[in-house]
Amino acid sequence: MDVKSLAVVGAGQMGAGIAQVAAQSGVQVFLIDLDAALVQKALQGISAQLQKAASKGKLTAENLEAAMARLHGTGSFADAAQADFAVEAVTENEGVKKKVFADLAKALRPDAILATNTSSIPITRIAASVSNPERVIGMHFMNPVPVMQLVEIIRGAQTSDETYATTRALAEKMGKTTVVSKDMPGFIVNRILIPMINEACFALQEGLGTAEDIDTAMKLGTNVPMGPLTLADFIGLDTCLSIAEVLHKGLGEDKYRPAPLLRQYVDAGWLGRKSKRGFHKY
Ligand SMILES: NC(=O)c1ccc[n+]([C@@H]2O[C@H](COP(=O)([O-])OP(=O)(O)OC[C@H]3O[C@@H](n4cnc5c(N)ncnc54)[C@H](O)[C@@H]3O)[C@@H](O)[C@H]2O)c1
């Protein structure tokens, strides 16, 4: 199926990025969140991003206008009933995601594909919330979506070949490179990345170095664009903790236990960039 219309559920940092890139690729997008104010905020953010790109000569005024015209904000799944494909990018919580999938399955056509942008939760478990799990798949974009090249595709136990082929074609239409991961907690990227971030939290907790020293050591010592604590702030500490919990529970090994300091920061509401304070202040 050539995807011409897309429902994006969750207008946070990931949902907004997915909506922006899809609209720029010629796809009609229905962006959905819990309330209209969140959707409007996301649409304003996308407009600002596109205007910035246009001012740098990376986008024509005509393409900017066309992309914005393809973006439709809504608070209701019913408005997206004709969408060919849905990507869910709500909070990293299994119960919340299962409810969204059950609602999407009721609202959309029976042949519409239902993808989740989950960072860690097994696709097979999310797929169990709908009656035809062969159309459910993991489509894991990286943050920030307009910049990052990768999409990890995860097939659940029952995902069909057609669902996989359509998902891969959509990712490529959006200019992304895909890899395939088995349906295991954290998939490839977060199975490796989150234990490193978690170890940096333990290092900070033990006073191995300051947050600045830990980040500078890893940035300059391993040639990555940002240190692990800065990256954790960028991802969102609540999201990092949720992924660490999924790894710990799903893989059952003590080495994946979340650092108490990470848990404490989340309890304090220090969620990183999105709350203006995490391991660093913004
Ligand atoms: N942040 C990252 O770096 C990153 C990277 C890849 C994947 N992800 C995954 O993407 C998903 C979203 O992450 P985010 O960073 O955009 O989070 P976020 O907190 O920025 O946004 C989540 C959005 O979901 C909305 N929401 C919650 N429940 C909803 C519901 N029932 N219906 C509609 N909207 C609902 C919230 O209002 C919020 O706007 C998570 O599954 C996360 O693991 C995040």
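This chain uses plain numbering: 1 for the first residue, then up along the sequence.
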### Query
Do L229 and L271 sit in the same hydrophobic cluster, where Ile, Leu, Val, Met, Phe, Trp and Tyr count as joined when their side-chain heavy atoms come under 4.5 Å apart?
yes
### Query
What's the spacing between S275 OG and L237 CG if we round to 0.5 Å?
7.5 Å
### Query
Linking I/L/V/M/F/W/Y whenever their side-chain heavy atoms sit closer than 4.5 Å, directly or via other members, would F187 and L114 fall into one cluster?
yes
### Query
With a 4.5 Å limit on heavy-atom distance, are the side chains of I197 and I235 in contact?
yes
### Message
Heavy-atom count check: over 12 atoms from other residues, nucleotides or ligands less than 6.0 Å from M196 CE?
### Response
yes
### Message
Treating R135 as the side-chain partner and A112 as the backbone partner, does any N or O pair qualify as donor plus acceptor under 3.5 Å?
### Response
yes
### Task
Answer with yes or no whether the hydrophobic clustering places L50 together with L31; edges join I, L, V, M, F, W, Y residues whose side-chain heavy atoms lie under 4.5 Å apart.
yes
#### Entry: Residues, nucleotides or ligands: over 12 heavy atoms within 6.0 Å of K274 NZ
yes
### Message
Can you tell whether the side chains of D161 and R155 come within less than 4.0 Å, N to carboxylate O?
### Response
yes
#### Entry: Side chains of L247 and E253 in contact at under 4.5 Å (non-hydrogen atoms)
no
### Pairing of K176 and E172 as salt bridge, 4.0 angstrom limit
no
### Query
SG of C240 to CZ of F234: how many Å apart, nearest 0.5 Å?
11.5 Å
### Query
Does atom CG of N223 have more than 12 heavy-atom neighbours, drawn from other residues, nucleotides or ligands, at distances under 6.0 Å?
no
### Message
Would H140 and V151 count as a side-chain contact (heavy atoms from CB on, under 4.5 Å) here? Give the steps.
### Response
CA-CA 5 Å; H140 184 212; V151 172; 5.7 Å; no
### Task
May I ask you to decide whether R125 forms a salt bridge with D183, counting only side-chain N to carboxylate O separations under 4.0 Å?
no
### Task
Using modelled atom types only, decide if a donor and an acceptor are shared between the side chain of D103 and the backbone of F77 within a distance under 3.5 Å.
no
### Query
Testing K4, R70, H72 for side chain to side chain donor-acceptor pair (under 3.5 Å) with Q28, which one passes?
H72
#### Entry: Heavy-atom neighbours of Q205 CD exceed 12 at 6.0 Å
yes
### Message
So F85 and S5, do their side chains get closer than 4.5 Å, heavy atoms only?
### Response
no
### Query
Between the side chains of S160 and T163, is a donor N or O closer than 3.5 angstrom to an acceptor N or O?
yes
#### Entry: Side-chain heavy-atom pair M174, F141 within 4.5 angstrom cut-off
yes
### Task
Provide the closest heavy-atom pair for N190 versus P195 in the form atom of the first, atom of the second, distance.
O-CD, 3.4 Å
### Message
For Q24 and Q20, which I'm curious about, is there any donor-acceptor pair between the side chains at under 3.5 Å?
### Response
yes
### Message
Determine whether a donor-acceptor pair (N or O, by modelled atom type, separation under 3.5 Å) exists between the side chain of N132 and the backbone of E134.
### Response
no
### Summary
Shortest non-hydrogen pair, T74 vs V39, comes out as O-CG2, 3.6 Å
### Side chain to side chain, F279 and L261, heavy atoms closer than 4.5 Å
yes
### Task
Could you go through the side-chain contact (heavy atoms from CB on, under 4.5 Å) check for M139 and T116 one step at a time?
CA-CA 6 Å; M139 190 181 194; T116 170; over 6 Å; no
### Task
Please confirm whether the backbone N or O of A157 pairs with a side-chain atom of T124, one donor and one acceptor, at under 3.5 Å?
yes
### Query
Can a donor-acceptor pair be found between the side chains of E92 and S120 at a distance below 3.5 Å?
yes
### Query
Sub-3.5 Å donor-acceptor pair from the side chain of N117 to the main-chain atoms of M14, do we have one?
no
### Task
Measure the shortest side-chain to side-chain distance between R277 and Y282 over non-hydrogen atoms and say whether it is less than 4.5 angstrom.
no
### Task
For the pair S25 (side chain) and V21 (backbone), establish whether a donor and an acceptor sit closer than 3.5 Å, ignoring hydrogens and angles.
yes
### Worked verdict on Q82 versus L108 for side-chain contact (heavy atoms from CB on, under 4.5 Å)
CA-CA 6 Å; Q82 288 312 310; L108 269 55; over 6 Å; no
### Minimum heavy-atom distance between P258 and R263, given as atom pair plus value
CG-NH2, 3.4 Å
### Query
Between E94 and K98, is there a salt bridge with N-O shorter than 4.0 Å?
yes
### Query
What distance separates D2 CG from L170 CG, expressed to the nearest 0.5 Å?
9.0 Å
### Message
Grouping I, L, V, M, F, W and Y whenever their side-chain heavy atoms are under 4.5 Å apart, do I153 and V87 come out in a common cluster?
### Response
yes
### Task
Could you grab the distance from atom CG of N143 to atom CZ of R273, nearest 0.5 Å is fine?
10.0 Å
### Query
Do any N or O atoms from the side chain of N198 and from the backbone of R257 form a donor-acceptor pair under 3.5 angstrom?
yes
### Query
Any sub-3.5 Å donor-acceptor pair from T216's side-chain atoms to D213's backbone N or O?
no
### Message
Between E88 (side chain only) and V90 (backbone N and O only), is there a donor and an acceptor less than 3.5 Å apart?
### Response
yes
### Query
Any idea which heavy atoms bring V130 and A105 closest together, and the distance?
CG1-CB, 3.7 Å
### Task
Please round to the nearest 0.5 Å and tell me the distance separating atom CG of L241 and atom CG of D267.
8.0 Å
### Query
Does the side-chain contact (heavy atoms from CB on, under 4.5 Å) test come out yes or no for V180 and R168, once each step is laid out?
CA-CA 10 Å; V180 178; R168 185 174 167 177; over 6 Å; no
#### Entry: Least distance between heavy atoms, A259 atom then F202 atom
CA-CZ, 3.6 Å
### Query
Linking I/L/V/M/F/W/Y whenever their side-chain heavy atoms sit closer than 4.5 Å, directly or via other members, would I194 and Y265 fall into one cluster?
no
### Query
Does any donor atom in the side chain of T230 or D215 lie under 3.5 Å from an acceptor atom in the other side chain?
yes
#### Entry: M142 side chain reached by E152 side chain, heavy atoms, under 4.5 Å
yes
#### Entry: Neighbour count >12 (heavy atoms, 6.0 Å) for atom NZ, K173
yes
### Query
Where do L71 and A23 come nearest, in terms of heavy atoms and distance?
CG-CB, 3.8 Å
### Message
Does any part of the side chain of K219, heavy atoms only, come nearer than 4.5 Å to the side chain of P225, both counted from C-beta?
### Response
no
### Task
Measure the spacing between OG1 of T177 and CD of Q149 and express it to the nearest 0.5 Å.
4.0 Å
